[in-house]
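Residue numbers begin at 1 in each chain, while the letters A, B, ... track the order of the sequences. These numbers were taken from a predicted model, which means no experiment stands behind them.
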Protein chains: 4
Amino acid sequence: MRKNEIKREQSINALVDTALKLFSQNGYEATSIRMIAKEAEVSLGLMYNYFKSKEELLLEIFRRGSEDIHMSFEEGLANSEANVSEVAQHINQTVRLLKEKKLFWKLLHGIRMQTTVVHALKTQIEEQAKLIETKIKQNLSTAGFPHPELEAKLLFASIDGMASHYLLLDNYPIDDVASLLIRKYDKQ
Amino acid sequence: MRKNEIKREQSINALVDTALKLFSQNGYEATSIRMIAKEAEVSLGLMYNYFKSKEELLLEIFRRGSEDIHMSFEEGLANSEANVSEVAQHINQTVRLLKEKKLFWKLLHGIRMQTTVVHALKTQIEEQAKLIETKIKQNLSTAGFPHPELEAKLLFASIDGMASHYLLLDNYPIDDVASLLIRKYDKQ
Amino acid sequence: MRKNEIKREQSINALVDTALKLFSQNGYEATSIRMIAKEAEVSLGLMYNYFKSKEELLLEIFRRGSEDIHMSFEEGLANSEANVSEVAQHINQTVRLLKEKKLFWKLLHGIRMQTTVVHALKTQIEEQAKLIETKIKQNLSTAGFPHPELEAKLLFASIDGMASHYLLLDNYPIDDVASLLIRKYDKQ
Amino acid sequence: MRKNEIKREQSINALVDTALKLFSQNGYEATSIRMIAKEAEVSLGLMYNYFKSKEELLLEIFRRGSEDIHMSFEEGLANSEANVSEVAQHINQTVRLLKEKKLFWKLLHGIRMQTTVVHALKTQIEEQAKLIETKIKQNLSTAGFPHPELEAKLLFASIDGMASHYLLLDNYPIDDVASLLIRKYDKQ
DNA sequence: AATGAATGAGACTTCATTCAT
DNA sequence: TATGAATGAAGTCTCATTCAT
């Protein structure tokens, strides 16, 4: 019967969305299943019909988040503007993604410092970071920067720091900061 | 009696140090008071003679951390080298502090995303950030940068991002990245 | 429709068999309804069409088990061998039943100590035991034993203990033990 | 300070004694920590100051029970009566122990059928049984029985069955049954 | 007849905190 | 001052059972 599948899907989505919101707001540990269930307007135990544990729910959030980011980047590549440098495009895309998936990024930035939380995530997060850095390096290499390896580390840090501040502060002028950053690298 | 005061001081220091270590390692929520007391070799009851709650302990960590940082910055100013730009000095000092107080920075970066945890901290953290940004702005202004406000935001983000990556990754070449960053701003 | 009735019968049998298997293996409390339904490949909801509770399922197991035992004993009586004492026949039948319905006996022996679990069972179990003891007493009386009442208690205990050990241990030589027991009582 | 130790001991004993009572009555699974705490008149969480888990509490019960039995047997050996056969003495001691530690035996007989519950116990229980059987075999050997191995299995079963019935039924005349059993083996 | 989504009480366990000694 | 026994609220998770479809 199809109805069941729809209800199932709805419940799962409500749980994942609510959990993302609360985890990113309060942190993983400080958010209780009870809070999630109440805010998602489902019963306390329902989560456990679909996820083996609270941790599994967190992993699902990251699974979806990673996929979204991946897709969004691919999409961005397809629509690349002709007269814009690769570095500029990378930064612009990051900014766009930050705005679109703000909660996910907040969760990511809040959780990545904690050694203990979810070992499975650590690896995943680090690999993704490594990937981004590599991409930046290639872009800088293409743009003719000397020492692209080190330059990539710096640019990655700048972008990441900007992201942190955007996530942390209200009314952070990320567009302006990003523009300035782009100018610095385009000017070469 | 002087002996008691010394012991008291020692116990408090052991508690604060251990708490910092564990909080920065596992996160505030995931670290129990019991773990801290046991690792600091102080009895649970005694601990509550010194700190009236877990939160109080966290606040004391931040009090000390902030003071340390403040002092260290002052100290740095005193020993300012003649032929080094203010921007360069700021960055160098930050790197030095990161290395000296790594655990504290890790805790700070791990906790600052969480809206809920300890509201008292939020204000303190934000004020400190504002202070640093202002200082950077002054330095950039002195150095003749146009738009020092926006430039400060970007440089602060770059420094902060670099710090995050240093705290996050083993063997991050922070000295090299910092040098490169300095070069970019000194070259003007 | 006949087809439905057959399917119904099959589902019920699968449920009862699976429940017996799991109850005897893990204990009544430690076995969840879900496990039973899944292993029997019957949906959770359907199961509640057939049994209105977990306890009802347990009761059905005992209903069937008792009936099986009863029938088997009757059957044994019909085929009684001429030159074998009644005591010997009783023991032989018990051994045969143990082998045939091992899971049921295991469940019985595992559950009968628990005062709380399913009060309805207690009475049933005790009555059945009383019946067996009476039968043994008659057999011993026939065989000319003095104090048949007390002798019956002892023989019943011996048989029951042997059964326990058979259920408990792998490779228990129940045939040999039973033969020895028979010899003791036949020798008079 | 000594007072603390006494309180600690008292709480632990209350917990262990109450748990033994309730486990033996209702079964391990069907007894909740809450029930134990309430009946022992301590707070819900106290158990976890002294035992890592419910299972650990069960293990402690078995540790104490086994030790008690061991000591009691040793004690019995010391006071062995001159003109009583070893077999008779073994049976008498078992009866005495059954009466003294009825709850523990009930728990043991109730739990030993369950494959799942506490794997650590299974081994312990089986080893203890093996030990008893060996002892019985030696006694029977001394008494001149042929096939002492098989005879031991039967006698062990008889004693065990008698124990089960004593534990199961009110007013079971265990002394009479035991006497009859002794007579059968002394008569040879 | 049949499904499995949904519920919420209750299980075990952890934890910050209090308090008698 | 110093100890750690004691508390009970709250956390995660399981479970028998109900019910809409």
Set of residues satisfying side chain to side chain contact (heavy atoms under 4.5 Å, CB included) with respect to K7(D), sequence neighbours excluded: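 K7(D): no side chain to side chain contact (heavy atoms under 4.5 Å, CB included) contacts found.
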Exercise: identify the closest heavy-atom pair between [X] and [Y]:
X	Y	answer
L108(B)	I125(B)	CD1-CD1, 3.6 Å
A37(C)	M47(C)	CB-SD, 4.3 Å
L44(B)	I33(B)	CD1-CG2, 3.6 Å
Q114(C)	G110(D)	NE2-O, 4.0 Å
D68(B)	K101(B)	OD2-NZ, 3.0 Å

Hey, is E39(B) close enough to K21(B) for a salt bridge, meaning N to O under 4.0 Å?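 Looking at E39(B) and K21(B), the cut-off is met.
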Grab the [atom1]-[atom2] distance between [X] and [N] for me, whole Å please.
X	N	atom1	atom2	answer
E9(B)	dT1(F)	CD	P	14 Å
E5(C)	dA2(E)	CD	P	12 Å
N4(A)	dT18(F)	CG	C1'	14 Å
Q10(D)	dT21(E)	CD	P	12 Å

Give a yes/no verdict on a cation-pi contact between K106(C) and F23(C), requiring under 6.0 Å between NZ or CZ and the six-membered ring centre and an angle within 45° of the axis.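 Geometry flag: not set, cation outside 6.0 Å or 45°.
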Looking at residues at least two apart in the chain, or sitting in another chain, which of them share a salt bridge (charged side-chain N to carboxylate O under 4.0 Å, His left out) with E60(A)?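 By the salt bridge (charged side-chain N to carboxylate O under 4.0 Å, His left out) rule, E60(A) matches R63(A), R64(A).
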Which residues in residues 44-60 of chain C have at least one heavy atom lying under 4.0 Å from any atom of DNA chain F?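 The stretch gives L44(C), Y48(C), S53(C), K54(C) as the residues lying under 4.0 Å from the strand, ordered by number.
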Near DNA chain F, under 4.0 Å by heavy atom, which residues of residues 20-43 of chain D?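 Contacts with DNA chain F under 4.0 Å: V42(D), S43(D).
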Does anything in residues 39-69 of chain D pair up under ring pair (Phe, Tyr, Trp, His ring centres under 6.0 Å), and if so which pairs, sequence neighbours excluded?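 The answer is F62(D)-F104(D).
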For DNA chain E, list all stems, counting runs of three or more consecutive pairs where every pair is Watson-Crick or G-U wobble with both distances under 3.5 Å.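 Ordered by first number, the stems with DNA chain E (at least 3 consecutive pairs each) read E:2-21 with F:2-21.
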